[in-house]
There are 2 protein chains.
Amino acid sequence: MVKISDVAREAGVSVATVSRALNNLDTVRPDLAAQVHQAASRLGYRPNSLARNLRKQSTQVWALVISDIENPFFTAVARGVEDTAQQNGYSVMLCNSDEDPEKEARYLSVAGQDRVAGVILSPHSASTDVSSLNHIPLVVIDRALNAPFDVVLVHSRLGAEQATRHLLEQGWQRPACITGPEDAETAVERREGYLQALRGTEIEAQVKHQPFRSPDGAVATAALLDGDNPPDSFFVGNASLALGVLAELSRRGLKPGTDVGLISFDDAPWAPFIDPPISVVAQPAYDIGVQAAQLLVERIANTGPRAPREVNLATTLIFRESSRKLG
Amino acid sequence: MVKISDVAREAGVSVATVSRALNNLDTVRPDLAAQVHQAASRLGYRPNSLARNLRKQSTQVWALVISDIENPFFTAVARGVEDTAQQNGYSVMLCNSDEDPEKEARYLSVAGQDRVAGVILSPHSASTDVSSLNHIPLVVIDRALNAPFDVVLVHSRLGAEQATRHLLEQGWQRPACITGPEDAETAVERREGYLQALRGTEIEAQVKHQPFRSPDGAVATAALLDGDNPPDSFFVGNASLALGVLAELSRRGLKPGTDVGLISFDDAPWAPFIDPPISVVAQPAYDIGVQAAQLLVERIANTGPRAPREVNLATTLIFRESSRKLG
DNA sequence: TTGTACGCGTTATCAT
DNA sequence: ATGATAACGCGTACAA
């Protein structure tokens with residue numbers, strides 16, 4: 001393994017000069033610098049990140065801790081983060097906490113241990129303990145923390161309200177809401193948006209809280225439809241749930257956009273392609289990743305204490321066919 | 001930051017003894033070891049991985065380089081890899097090469113630079129150059145390399161053949177094949193399986209090679225249906241393509257399982273939930289990840305040169321409704 | 001069984 | 001502008 005001292009000998013300079021030249025510190029004579037670069041490439045020298053990490057007490061790696069790698073929303077976020085990290089010379093370690101507080105804690109702990117340069121976290125809960133990070137720069141996404149950190153959020157509630165209102169405008173009379181578990185802030189936000197849209201109307205609100213899983217979407221749909229006041233349309237809090245709703249609807253011969261109205265949060269890859277194409281409230285997932293990454297870059301650069309920043313992104317209503325009311 | 005020498009002082013022993021005790025080397029007197037552990041936890045000592053990495057010239061991190069993070073197949077693989085890595089004390093850095101040879105090369109290069117403990121790679125092509133890894137243990141998945149490495153594959157061709165045969169057994173007369181680009185080994189394998197199933201029949205083979213993207217699935221379907229010899233059923237090489245096929249079919253009012261037969265590779269999350277539920281050839285994605293990880297663990301443990309191993313996994317035909325022929 | 005001391009490959013400080 | 005050298009924190013060969 002060729003090391004910096006080999007290059008130094010080859011170039012006829014000291015290791016210090018090699019280091020400076022290779023790091024482009026402009027305190028080295030141009031011709032000498034060139035000489036060093038040549039020697040380095042001649043020898044096939046590649047800097048040893050391990051040594052550099054020890055010396056600088058930090059790595060060029062970020063940890064991105066997300067709660068569900070199978071959720072297209074998070075994979076899109078991941079792409080945004082990764083692309084931006086790449087551009088800034090960082091690699092990203094993708095950690096899937098799987099909504100499991102223990103896994104999350106373990107990842108946070110190794111991130112701290114391994115001195116990653118920064119962390120982007122979609123916390124399981126607002127009270128997630130990030131102390132094991134000891135002061136590694138952190139940006140929070142998706143749900144805020146009970147502590148002052150940089151955070152990028154989307155206007156979930158507003159998006160939910162718009163979606164529900166959209167259903168009403170299309171002429172649906174009794175929209176119901178199927179959303180995630182009550183301990184998930186995003187699920188609650190979406191419920192609140194739904195309720196807000198109903199305020200001032202005579203419509204009876206009907207809400208089902210479920211885990212964010214397809215089968216639960218089906219169960220909730222069945223319960224609603226078999227209830228006292230069957231809804232004629234659905235606002236669904238997540239793409240997985242929507243799949244379950246779809247399944248139960250088709251089991252009953254109910255076609256979205258004809259017999260019943262449907263709009264869901266999150267623009268899944270399949271949403272435009274099924275029959276009928278599903279209307280959705282799209283979150284700017286990729287952009288969330290980019291914004292979070294940019295916040296992190298700044299936070300790493302400015303080591304001094306700065307006021308935490310919050311960026312809020314808007315959702316987009318995509319009107320396809322499932323929410324339309326014919327006749 | 002509390003370091004090993006602090007613990008040594010606190011425990012009244014040398015740093016060497018602390019190191020030995022903390023690493024459970026049984027060459028240290030039990031009572032002393034206990035003393036050290038107490039001192040360590042009293043001080044809140046946490047070993048500095050950076051220093052350890054430099055000393056050992058390797059990390060406890062794997063790089064998992066996949067070609068498409070938005071593909072549910074790869075996310076499932078990733079989960080398998082991650083769970084197994086976790087169990088063996090490794091973290092995994094997920095790298096999304098995006099089917100881009102340059103990105104792939106860059107990731108391989110940083111993996112080599114950062115001295116990761118091992119790499120799992122789904123190569124863009126059989127001739128992908130892995131020399132920048134310099135001899136870091138490597139396991140290849142999904143498609144083999146033109147070089148002798150451990151590899152875990154699935155019997156794509158056999159799965160494709162079974163799927164096509166299944167279509168025939170259901171009574172479909174003219175199955176067509178829509179698969180990925182010709183430079184993707186998996187796409188070709190699936191075509192070959194299709195052709196194999198047709199051998200010995202009078203049926204005219206019809207194959208479309210497309211990028212693995214939904215819109216291309218729609219285009220191919222349209223072309224086939226408008227051709228001289230419109231197929232009555234489709235074997236599709238990938239879930240994204242299947243989405244496009246589905247869209248085009250519904251645009252034409254053709255219902256799978258009634259008007260036309262359909263079976264696709266890969267069991268996407270949405271496959272069971274749409275109308276009608278889609279029959280698929282499922283790859284054991286999670287298990288691929290697990291197997292690859294286990295191979296890697298062994299490869300890392302046994303540093304000596306060992307013959308490359310190849311593990312082949314079988315696909316599973318899941319008969320739902322889209323491939324059934326009524327009447 | 002325990003301790004001393006060196007080395008891992010860089011970067012940064014301090015002279016020059 | 002350049003060079004010698006001291007860290008960075010840990011593991012381990014060698015000596016005791």
Side-chain angles (χ1 to χ4, degrees), chain A residues 1-37 39-40 43-61 89 110 112-117 134-136 300 303, chain B residues 1-37 39-40 43-61 89 110 112-117 134 136 303:
Chain A
M1 217 209 50
V2 30
K3 66 183 78 167
I4 208 172
S5 58
D6 299 325
V7 179
R9 191 173 333 104
E10 174 83 6
V13 297
S14 73
V15 294
T17 300
V18 174
S19 176
R20 285 190 279 251
L22 263 26
N23 289 300
N24 300 315
L25 301 201
D26 50 2
T27 65
V28 49
R29 233 173 48 219
D31 57 317
L32 257 195
Q35 204 166 314
V36 169
H37 278 101
L43 264 43
Y45 168 76
R46 305 177 64 201
N48 184 322
S49 325
L50 271 32
R52 173 203 301 241
N53 291 345
L54 173 60
R55 179 61 235 227
K56 307 194 99 165
Q57 284 301 325
S58 90
T59 63
Q60 287 290 101
V61 174
V110 326
Q113 203 110 352
D114 287 358
R115 308 290 200 283
V116 297
N134 5 1
H135 309 297
I136 291 176
I300 291 173
T303 56
Chain B
M1 218 209 49
V2 31
K3 64 183 82 166
I4 208 172
S5 59
D6 299 324
V7 178
R9 191 172 335 105
E10 173 84 7
V13 298
S14 74
V15 294
T17 301
V18 173
S19 175
R20 285 191 279 252
L22 262 26
N23 289 300
N24 300 316
L25 301 201
D26 51 3
T27 66
V28 48
R29 235 172 47 219
D31 58 318
L32 258 196
Q35 204 165 314
V36 168
H37 278 101
L43 264 42
Y45 168 75
R46 306 177 64 201
N48 184 322
S49 326
L50 269 32
R52 175 203 303 240
N53 291 343
L54 173 60
R55 180 63 237 237
K56 307 193 102 166
Q57 284 300 329
S58 89
T59 63
Q60 287 290 101
V61 173
V110 324
Q113 202 109 352
D114 287 358
R115 309 293 202 281
V116 298
N134 341 47
I136 290 176
T303 57

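Lettering follows sequence order; numbering is per chain, from 1.
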Whole angstrom value for the distance that separates P of C:dG9 from CD of B:Gln113
14 Å

Could you tell me the separation between the CZ atom of A:Arg55 and the P atom of C:dC8, rounded to a whole number of Å?
17 Å

From C:dT10, C:dG3, D:dA4, pick the nucleotide closest to the side chain of B:Ala16?
C:dG3

Verify side chain to side chain contact (heavy atoms under 4.5 Å, CB included) between B:Leu54 and A:Asn53, making sure each step is shown before the conclusion.
CA-CA 8 Å; B:Leu54 173 60; A:Asn53 291 345; over 6 Å; no

Could you tell me the separation between the CD1 atom of B:Ile4 and the P atom of C:dT2, rounded to a whole number of Å?
15 Å

Using atom CD of B:Gln57 as one end and atom P of D:dG11 as the other, report the distance to the nearest whole Å.
14 Å

Atom CG of B:Asp6 and atom C1' of D:dC10 are separated, to the nearest Å, by 13 Å

From the list B:Val61, B:Thr59, B:Leu50, side chain to side chain contact (heavy atoms under 4.5 Å, CB included) partner of A:Thr59 resolves to B:Leu50

Using 4.0 Å as the upper bound for N to carboxylate O, is an ion pair formed by B:Asp6 and B:Lys3?
no

Could you tell me how far apart A:Asn53 (CG) and C:dC8 (P) are, to the nearest whole angstrom?
18 Å

Short side-chain N/O contact from A:Ser14 to OP1 or OP2 of D:dA4, under 4.0 Å:
no

Closest to the B:Arg20 side chain, choosing from D:dT2, C:dG3, C:dT10
C:dG3

Which listed nucleotide (C:dT2, D:dT5, C:dT4) is nearest to the side chain of B:Arg29?
C:dT2

Taking any heavy-atom pair under 4.0 Å as a contact, classify A:Leu54: base, sugar-phosphate, or nothing.
base

No-hydrogen, no-angle side-chain donor-acceptor test under 3.5 Å, A:Asp114 and B:Ser49
yes

Just call it for B:Asn23: base, sugar-phosphate, or nothing, with non-hydrogen atoms closer than 4.0 Å on any strand.
sugar-phosphate

Among the candidates D:dA1, C:dG3, C:dG9, find the nucleotide nearest to the side-chain atoms of B:Val13.
C:dG3

Output the rounded distance in Å from NZ (B:Lys56) to C1' (D:dT12).
11 Å

Closest heavy-atom pair and its distance - A:Ala11, A:Ala39
CB-CB, 3.8 Å

Sugar-phosphate, base or nothing in reach of B:Leu50, heavy atoms under 4.0 Å:
nothing

Quick one: B:Arg52 CZ to C:dG9 P, roughly how many Å, whole number?
18 Å

Considering every strand and a 4.0 Å limit on heavy-atom distances, what is the contact class for A:Thr17: base, sugar-phosphate, or nothing?
sugar-phosphate

